[in-house]
Amino acid sequence: MGDWVLLLLGALVILLLLVGASAKPFRFLGRLGVKFIIAALVLFLFNSLTTVTGLFIPINLMTASVIALLGVPGMALLVAVQHFIL
């Protein structure tokens with residue numbers, strides 16, 4: 001099943017290279033990818049610095065996406081949910 005996905009993605013890339021595509025969607029995806037990586041690093045640093053307090057936010061796709069899309073308010077939201085609800 002995974003071979004078909006790779007084949008389809010490869011065909012899509014070749015098609016876009018032949019036909020040409022606007023760089024705007026790729027720039028958006030690149031920025032979003034960088035934001036996800038930064039969000040994962042922020043979560044790692046937060047978890048490293050708060051070992052004394054026992055507050056731990058798991059690093060997964062949902063928590064990284066909240067921080068990547070919302071920024072500092074997203075981090076505050078995750079801390080509040082972890083501290084008060086869970």
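Each residue takes its place number in the sequence, starting with 1.
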If we only count heavy atoms from C-beta on, is the Phe36 to Ile67 side-chain gap below 4.5 Å?
no

Side chain to side chain contact (heavy atoms under 4.5 Å, CB included) test vs Leu55 passes for just one of Thr51, Thr53, Val52, namely Thr53

Pairs satisfying side chain to side chain donor-acceptor pair (under 3.5 Å), at least one member in residues 57-75, at least two apart:
Asn60-Thr63

State whether the side chain of Asn47 and the backbone N or O of Ile57 hold a donor-acceptor pair below 3.5 Å, judged by distance alone.
yes

Quick one: name the residues clustered hydrophobically with Leu41, using the 4.5 Å side-chain heavy-atom rule over I, L, V, M, F, W, Y, and just say none if it's on its own.
Ile37

Which side-chain N or O atoms in residues 68-86 pair as donor and acceptor under 3.5 Å with protein atoms at least two apart or in another chain?
unit_1	atom_1	unit_2	atom_2	d
Gln82	NE2	Phe56	O	3.2

